[in-house]
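Owing to the predicted nature of the structure, the values given are computational and were not obtained by experimental measurement. As a basis for the values below, the full set of heavy atoms in this structure was taken, side chains included, without hydrogen atoms, waters or symmetry mates.
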Amino acid sequence: MRDAVAKLASQGFLDDVSAACSAIRSRGVRYGRARVERELKARGFERDVIDDAFASEGGAEREEEALRKAFERLWSERRDLAPRLRRRKVFDALTRRGFSAERISDIIRKGHEID
């Protein structure tokens with residue numbers, strides 16, 4: 001068993017950073033960094049591996065794009081709600097997806113101005 005694991009590791013099949021990058025690519029299109037980090041930690045990834053993976057995957061840009069797409073969809077779906085309730089519902093939904101409160105507030109403020 002150890003020989004098989006060593007062979008896979010030497011061939012790059014058991015690379016933690018690559019595995020974390022793959023998870024970021026698949027989860028990062030819908031969720032914010034906080035949620036993806038929680039999921040990676042739950043899978044047993046170390047903090048430095050998670051940070052390296054986010055750095056190599058362009059985490060900030062990916063998160064910004066995911067936030068924008070999620071906001072646009074949620075904002076338009078809740079168009080029939082009163083403005084205050086609409087902002088709160090969208091904020092809560094984006095928070096559950098792992099986006100930062102500061103970034104959510106910024107995008108809601110901009111979306112509210114456009115709407």
Apply the test side chain to side chain contact (heavy atoms under 4.5 Å, CB included) to residues D16 and E46: give CA-CA distance (whole Å), side-chain angles for both, the deciding distance (0.1 Å), then the verdict.
CA-CA 9 Å; D16 284 349; E46 299 292 327; over 6 Å; no
Report the residues that fulfil side-chain hydrogen bond (donor to acceptor under 3.5 Å, both in side chains) with R47, sequence neighbours left out, ordered by chain and then residue number.
E37, D51
More than 12 heavy atoms of other residues, nucleotides or ligands under 6.0 Å from CD of E72: yes or no?
yes
Apply salt bridge (Lys or Arg N to Asp or Glu O under 4.0 Å) to residues D92 and K89 and explain how you reach the verdict.
CA-CA 5 Å; D92 291 347; K89 293 276 190 184; over 6 Å; no
Residues V49, L40; criterion side chain to side chain contact (heavy atoms under 4.5 Å, CB included); working and verdict
CA-CA 10 Å; V49 171; L40 291 173; over 6 Å; no
Strictly distance-based, threshold 3.5 Å: is any side-chain N or O of [X] a donor or acceptor partner for the main-chain N or O of [Y]?
{"X": "S22", "Y": "S18", "result": "no"}
{"X": "E63", "Y": "G32", "result": "no"}
{"X": "R78", "Y": "V90", "result": "no"}

In Å, rounded to the nearest 0.5 Å, how long is the span from [atom1] of [X] to [atom2] of [Y]?
{"X": "L81", "Y": "R88", "atom1": "CG", "atom2": "CZ", "answer": "9.5 Å"}
{"X": "L74", "Y": "R79", "atom1": "CG", "atom2": "CZ", "answer": "12.5 Å"}
{"X": "I104", "Y": "L67", "atom1": "CD1", "atom2": "CG", "answer": "6.5 Å"}
{"X": "E64", "Y": "F99", "atom1": "CD", "atom2": "CZ", "answer": "9.0 Å"}

What verdict does the side chain to side chain contact (heavy atoms under 4.5 Å, CB included) test give for W75 and I107, after you've listed the backbone C-alpha separation in whole Å, the side-chain angles of each residue and the deciding distance to 0.1 Å?
CA-CA 10 Å; W75 192 251; I107 202 164; over 6 Å; no
Under the side chain to side chain contact (heavy atoms under 4.5 Å, CB included) rule, what do R25 and R62 come out as? Steps first, then yes or no, please.
CA-CA 9 Å; R25 281 191 299 273; R62 183 179 296 271; 3.8 Å; yes
Close side-chain approach of R30 to K69, heavy-atom, < 4.5 Å
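They are not in side-chain contact.
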Do R33's NZ or CZ and the ring of F54 fall within the cation-pi criteria of under 6.0 Å and 45°?
yes
Residue pair [X] / [Y]: nearest heavy atoms and the distance that separates them:
{"X": "S56", "Y": "C21", "value": "OG-SG, 3.1 Å"}
{"X": "A70", "Y": "R97", "value": "CB-NH1, 3.5 Å"}
{"X": "Y31", "Y": "A66", "value": "O-CB, 4.3 Å"}
{"X": "F91", "Y": "S105", "value": "CE1-OG, 3.7 Å"}

